[in-house]
Amino acid sequence: MSQNLQFDGFDQLAVERAVHLLSRTGVRAPLNIERIKRWVKQFQSEAEKTLAWLILRNLIFRTNEQLLSSMRQALKQATIHFVEQQGSQGEVAWGDALRGSTGLSISCGPPSLATRGFVPPGKSGELMARLVNQRYRIEKHFPSEINVLTPDERFIVVDDGTYTGVQLCTFLRNWDIDFSQRRVAIAVSMAHKTACQALKDEFPTIPMFYGELLAPEMCFTSLCQRWVETGQWRYETSPIDVYAEVHRRNQPFEKGNGAGGYGDIGALIAFEHGVPDDSIQLLWDTSRTWQPLVDRGT
């Protein structure tokens, strides 16, 4: 445990205790205390350690069950959208409609065209599609198995999250299906505003529904500014520069040296099954001198 640094509105010991409490309660499993300590130990100066604890305190962590809860909201919105599109009359329970009570046959699948050799199955998308299939008993298919949807068929592309929208848009460009018929929707547990706008701009006929919305002010750069403005950061060197120095010192990383993660989104997100590469790189990548907080594939 590092020494207690207290500055007006910031008590580092209290932050450390809060992080430890979250770990002990199992809310952040598999982020146990030992794993957290190993990660923090790699930060050297007091400023660096303060940064590590602030990152941990602001980390958005979701278990698979929490992701499923958010996915439930997205699936509900997508199903209601399809039912309203169909023009069904009267009260319809969305769960029943999802399973075909209104005459629609709704299936789901990950954003992958693996069976056609385009991008291997995404671990997160495949996991989410499998969980949705098991929880809601709707058919699961790879989109590459489908190039035509009949008037009574609908398909929901499911994933744990989308942040830049680049990968999702690339997948849609390569899926040989007519989107103008408006029989495809996207449901994700978490979406960044950047991805929402990218999808709306390029694929206006494909609605995307989400359980949680991530805004730029919830990401690393904006949080660093807030820590300074609120007195949580009192070092002369800015938290962004401190982070940059830790990152520089531990290069080269296995997946390149993009400190802010894919698309420089700078998300502070981790899931039970891994960390999206849109999160800051020190959370998920490996180098000769650096071990991640949570591996990308665990």
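Smallest separation of non-hydrogen atoms from A195 and G165: CB-N, 3.5 Å. Taking each heavy atom of W227 and P239 in turn, the nearest pair found is CE3-CB, 4.3 Å. Across all non-hydrogen atoms, the minimal contact from L149 to Q181 is O-OE1, 3.8 Å. For the pair P111 and G125, the tightest heavy-atom approach, listed with the atom from each and the gap, is CD-CA, 4.1 Å. Looking at every heavy atom in both residues, L104 comes nearest to P151 through CD2-O, 4.4 Å. The two residues W233 and A47 come nearest to each other via the heavy atoms CH2-O, 3.3 Å.
Within the 4.5 Å cutoff, side-chain heavy atoms of I55 are placed close to those of W39. No side-chain heavy atom of L98 sits less than 4.5 Å from a side-chain heavy atom of R137. Here the side chains of F155 and C108 are not in contact, with every heavy-atom distance at 4.5 Å or above. M190 places none of its side-chain heavy atoms less than 4.5 Å from the side chain of D160. You'll find the side chain of K41 stays beyond 4.5 Å of the side chain of K37, heavy atoms only. Using a 4.5 Å heavy-atom threshold, the side chains of F271 and V275 count as separate. Using a 4.5 Å heavy-atom cutoff, the side chains of I138 and N133 are not in contact. Within the 4.5 Å cutoff, the side chain of Y136 has heavy atoms near those of the R72 side chain.
Note on R38 versus E34: no salt bridge recorded, every NZ/NE/NH1/NH2 to OD/OE distance being 4.0 Å or above. With respect to the salt-bridge test (charged N to carboxylate O, under 4.0 angstrom), the residues R248 and E245 qualify. Contact check on K140 versus E145 returns no salt bridge, with no Lys/Arg side-chain nitrogen under 4.0 Å from an Asp/Glu carboxylate oxygen. The existence of a salt bridge linking R99 and E139 is excluded, since no basic side-chain nitrogen approaches an acidic carboxylate oxygen closer than 4.0 Å.
When the salt bridge (charged side-chain N to carboxylate O under 4.0 Å, His left out) test is applied to R226, no partner is found at least two apart in sequence or on another chain. For S107, there are no side-chain hydrogen bond (donor to acceptor under 3.5 Å, both in side chains) partners at least two apart in sequence or on another chain. Residues forming a salt bridge (charged side-chain N to carboxylate O under 4.0 Å, His left out) with E236 (at least two apart in sequence, or on another chain): none. When the salt bridge (charged side-chain N to carboxylate O under 4.0 Å, His left out) test is applied to R173, the partners found at least two apart in sequence or on another chain are E202.
With rounding to the nearest 0.5 angstrom, the OG atom of S238 is 3.5 Å from the CG atom of D241. Within the model, atoms CD1 of I269 and CD1 of I60 stand 5.5 Å from one another, a figure rounded to the nearest 0.5 Å. Atoms CG and CG, on L127 and L67 in that order, are 8.0 Å from each other to the nearest 0.5 Å. Going from atom CD1 of I280 over to atom CG of L223 covers 9.5 Å, rounded to the nearest 0.5 Å. With rounding to the nearest 0.5 angstrom, the CD1 atom of I146 is 12.5 Å from the CG atom of D176. Distance CD1/I265 to OG1/T194: 4.0 Å, rounded to 0.5 Å.
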D159 and S124: CA distance, side-chain angles, deciding distance, side chain to side chain donor-acceptor pair (under 3.5 Å) verdict = CA-CA 6 Å; D159 204 349; S124 61; 3.0 Å; yes
ask   = Step by step, would you call Q251 with S287 a side chain to side chain donor-acceptor pair (under 3.5 Å)?
value = CA-CA 7 Å; Q251 293 178 12; S287 78; over 6 Å; no
Worked check of side chain to side chain contact (heavy atoms under 4.5 Å, CB included) between W290 and V246 = CA-CA 10 Å; W290 189 265; V246 177; 3.9 Å; yes
key: Evaluation steps, side chain to side chain contact (heavy atoms under 4.5 Å, CB included), between L199 and L172   = CA-CA 10 Å; L199 188 74; L172 292 171; 3.4 Å; yes
Step-by-step side chain to side chain donor-acceptor pair (under 3.5 Å) determination, H192 to D278 = CA-CA 10 Å; H192 192 284; D278 310 83; over 6 Å; no
task = Check the pair Q225 / E229 against side chain to side chain donor-acceptor pair (under 3.5 Å), numbers first and verdict last.
result = CA-CA 6 Å; Q225 183 177 350; E229 292 172 349; 3.0 Å; yes
task = Go through the steps for Q44 and R249 under the test side chain to side chain contact (heavy atoms under 4.5 Å, CB included), then give the verdict.
result = CA-CA 11 Å; Q44 297 177 3; R249 188 172 67 233; 3.4 Å; yes
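In this structure a side-chain-to-backbone donor-acceptor pair under 3.5 Å is missing from Q281 to G261. Not one N or O on the side chain of E153 forms a donor-acceptor pair closer than 3.5 Å with the backbone of S105. Judged purely by atom type and a 3.5 angstrom limit, T205 uses its side chain to pair as donor or acceptor with the backbone of F179. Judged purely by atom type and a 3.5 angstrom limit, Q197 has no side-chain atom pairing as donor or acceptor with the backbone of K193. For N58 (side chain) and L54 (main-chain N/O), a donor-acceptor pair under 3.5 Å exists by modelled atom type. Not a single donor-acceptor pair under 3.5 Å links the side chain of N257 to the backbone N or O of P252. Side chain of D96 to main chain of S101: no donor-acceptor pair is present (N/O by atom type, distance under 3.5 Å, no hydrogens or angles). In this structure, Q86 contributes its side chain and T102 its backbone to a donor-acceptor pair below 3.5 Å.
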Please tabulate, one pair per line, all N/O donor-acceptor pairs under 3.5 Å involving side-chain atoms of residues 78-85, not counting sequence neighbours.
from	atom 1	to	atom 2	distance (Å)
T79	OG1	L75	O	2.8
Q85	OE1	R154	NE	3.0
Q85	OE1	R154	NH2	3.3
Q85	NE2	R182	O	2.8

Quiz: residues 206-218 side-chain donor-acceptor pairs under 3.5 angstrom, not counting sequence neighbours:
from	atom 1	to	atom 2	distance (Å)
E212	OE1	R62	NH2	2.9
E212	OE2	R62	NE	2.9
E212	OE2	S70	OG	3.4

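Side-chain N/O atoms of T230 and Q232 include a donor and acceptor closer than 3.5 Å. Between the side chains of Q167 and T162, not a single donor N or O lies within less than 3.5 Å of an accepting N or O.
Taking the six-membered ring for Trp and thresholds of 30 and 60 degrees, H247 and F253 have nearly parallel ring planes, at less than 30 degrees apart. Between Y243 and F220, the ring planes lie tilted relative to each other; the angle falls in the 30° to 60° range.
Note on W175 and V166: separate hydrophobic clusters, where clusters join Ile, Leu, Val, Met, Phe, Trp and Tyr whose side-chain heavy atoms are under 4.5 Å apart, directly or indirectly. L268 and I240 sit in two unconnected hydrophobic clusters of ILVMFWY residues. Membership requires side-chain heavy atoms under 4.5 Å apart, directly or through other members.
Between W284 and Y262, the distance separating the two ring centers is not shorter than 6.0 angstrom.
Atom CZ of R135 has 12 or fewer neighbouring heavy atoms from other residues, nucleotides or ligands inside a 6.0 Å radius.
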